[in-house]
Amino acid sequence: MAIYFTSDTHFGDPRILRLDRRPFPDLATHDAALIANWNAVVAPGDEVWHLGDFALGPSDARVAEILASLTGTKHLIRGNNDGPGTLAAPGWASVAHYAEITVEERRLVLCHYAFRTWNGIGRGALNLHGHSHGQLRPSPKQYDVGVDAQGFAPVQLPAILASRRRGAKAPEARNHRGSFAV
């Protein structure tokens, strides 16, 4: 079982193409590409922590349909754009404002928002967050796992840590045919 992180998919949110200049011609293509990218990297037995802003705009039924189409066991850390339909959608293994977990012997503090300080920071704990859409200047021990910062697909901890290395580019997601969906 692998553990992945992502954030700010904004399924069904028409503002996202304009505000973040995502490279998709329309919202339907955006949503289809993010679903394909997710399913290309996440296996059914894997776990995904979505750090907020899953969807904004679609009906509750459409949110549930999108969630059901995504592989893996899915946890939601609430974002500012996650409405009642997203929070109540069947398919979340958990829904919370905040979580602390350990992955690969690294203590992780998960929240939609970037923190200035957090539990365990002095003992090496990392803060994984979303919300900033790749626009915040990186701080030590803090990583933006949003799709805008991480190649439009969920990523594992080693890729997140590598994204900070000098000259590293955000990983690109391959679709199930081995070609790029973005």
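Computed from a prediction, not measured in an experiment: that's the story for all the values here.
Residues satisfying the salt bridge (Lys or Arg N to Asp or Glu O under 4.0 Å) criterion with R106, sequence neighbours excluded, are absent altogether. Judged as a side-chain hydrogen bond (donor to acceptor under 3.5 Å, both in side chains), and not counting sequence neighbours, T117 has no contacts. Not counting sequence neighbours, the partners of N80 by the side-chain contact (heavy atoms from CB on, under 4.5 Å) test are D53, H112, Y113, H131. A search for ring-ring contact (aromatic ring centres under 6.0 Å, His included) contacts involving H129 returns nothing, not counting sequence neighbours. The side-chain hydrogen bond (donor to acceptor under 3.5 Å, both in side chains) search around E65 returns R62, not counting sequence neighbours. Looking at residues two or more places apart in sequence or on another chain, you find no side-chain hydrogen bond (donor to acceptor under 3.5 Å, both in side chains) involving S7.
Taken to the nearest 0.5 Å, the CG atom of D8 stands 7.0 Å off from the CG atom of D144. L70 CG to F54 CZ: the interatomic distance, rounded to the nearest 0.5 Å, is 5.0 Å. Rounding to the nearest 0.5 angstrom, the gap separating the CG atom in L56 from the CZ atom in R15 is 5.0 Å. A distance of 14.0 Å separates OG in S132 from CZ in R137, rounded to the nearest 0.5 Å. Taken from CH2 in W92 to CG in D82, the straight-line distance is 7.0 Å, to the nearest 0.5 Å. Expressed to the nearest 0.5 Å, how far OG1 of T86 lies from CZ of F11 amounts to 10.5 Å.
The two atoms that bring P58 and G12 nearest to each other are CD-CA, 3.8 Å, heavy atoms only. For the pair A93 and H75, the tightest heavy-atom approach, listed with the atom from each and the gap, is CB-CE1, 3.7 Å. Closest heavy-atom contact between M1 and G45: CG-O, 3.1 Å. The two residues I77 and H97 have their closest heavy-atom pair at CG2-O, 3.3 Å. Smallest separation of non-hydrogen atoms from D60 and G85: OD1-CA, 3.2 Å.
With hydrophobic clusters built from ILVMFWY side chains whose heavy atoms lie under 4.5 angstrom apart, V109 does not share a cluster with I160. V103 and L128 end up in the same hydrophobic cluster when Ile, Leu, Val, Met, Phe, Trp and Tyr side chains are linked at under 4.5 Å. Connection of L27 to L19 is not established within any shared hydrophobic cluster, with ILVMFWY side chains joined at heavy-atom distances below 4.5 Å, either directly or through further cluster members. One hydrophobic cluster holds both L161 and L51 under the rule that ILVMFWY side chains link at heavy-atom gaps under 4.5 Å. A continuous path of Ile, Leu, Val, Met, Phe, Trp and Tyr side chains, each step under 4.5 Å between heavy atoms, connects L67 with V41, placing both in one hydrophobic cluster.
Checked by atom type and distance alone, the side chain of Y4 never pairs as donor or acceptor with a backbone atom of G72 at under 3.5 Å. Side-chain N or O atoms of W38 include none that pairs as donor or acceptor with a backbone N or O of P154 at under 3.5 Å. In this structure a side-chain-to-backbone donor-acceptor pair under 3.5 Å is missing from N39 to A36. Using a distance-only test at 3.5 Å, with no hydrogens or angles considered, no donor-acceptor pair links the side chain of D31 to the main chain of A28. Listed for the K141 side chain is no donor-acceptor partner under 3.5 Å among the backbone atoms of S139. A donor-acceptor pair under 3.5 Å is absent between the side-chain atoms of N81 and the main chain of A55, judged by distance alone.
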Yes or no on side chain to side chain contact (heavy atoms under 4.5 Å, CB included) for R123 and R107, after CA distance, side-chain angles and deciding distance? CA-CA 9 Å; R123 293 182 305 280; R107 190 79 183 146; over 6 Å; no
Test side chain to side chain contact (heavy atoms under 4.5 Å, CB included) on H133 and R21; report intermediate values, then the result. CA-CA 11 Å; H133 297 258; R21 297 186 181 122; over 6 Å; no
Any chance you could lay out the side chain to side chain contact (heavy atoms under 4.5 Å, CB included) test for R22 and L34, step after step, and finish with the verdict? CA-CA 11 Å; R22 290 188 178 173; L34 266 60; 4.3 Å; yes
Run the side chain to side chain contact (heavy atoms under 4.5 Å, CB included) test on Y98 and L110 for me, step by step, so that the C-alpha distance in whole Å, both residues' side-chain angles and the decisive distance to 0.1 Å come before the verdict. CA-CA 6 Å; Y98 172 97; L110 311 177; over 6 Å; no
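In this structure, a donor-acceptor pair under 3.5 Å is absent between the side chains of H50 and T6.
Within the 4.5 Å cutoff, side-chain heavy atoms of P158 are placed close to those of E104. The shortest distance between side-chain heavy atoms of V155 and Y143 does not fall below 4.5 Å.
The aromatic rings of F115 and W118 are tilted relative to each other, their planes meeting at an angle between 30° and 60°.
Between L108 and the options I3, N127, L157, a side chain to side chain contact (heavy atoms under 4.5 Å, CB included) holds for only L157.
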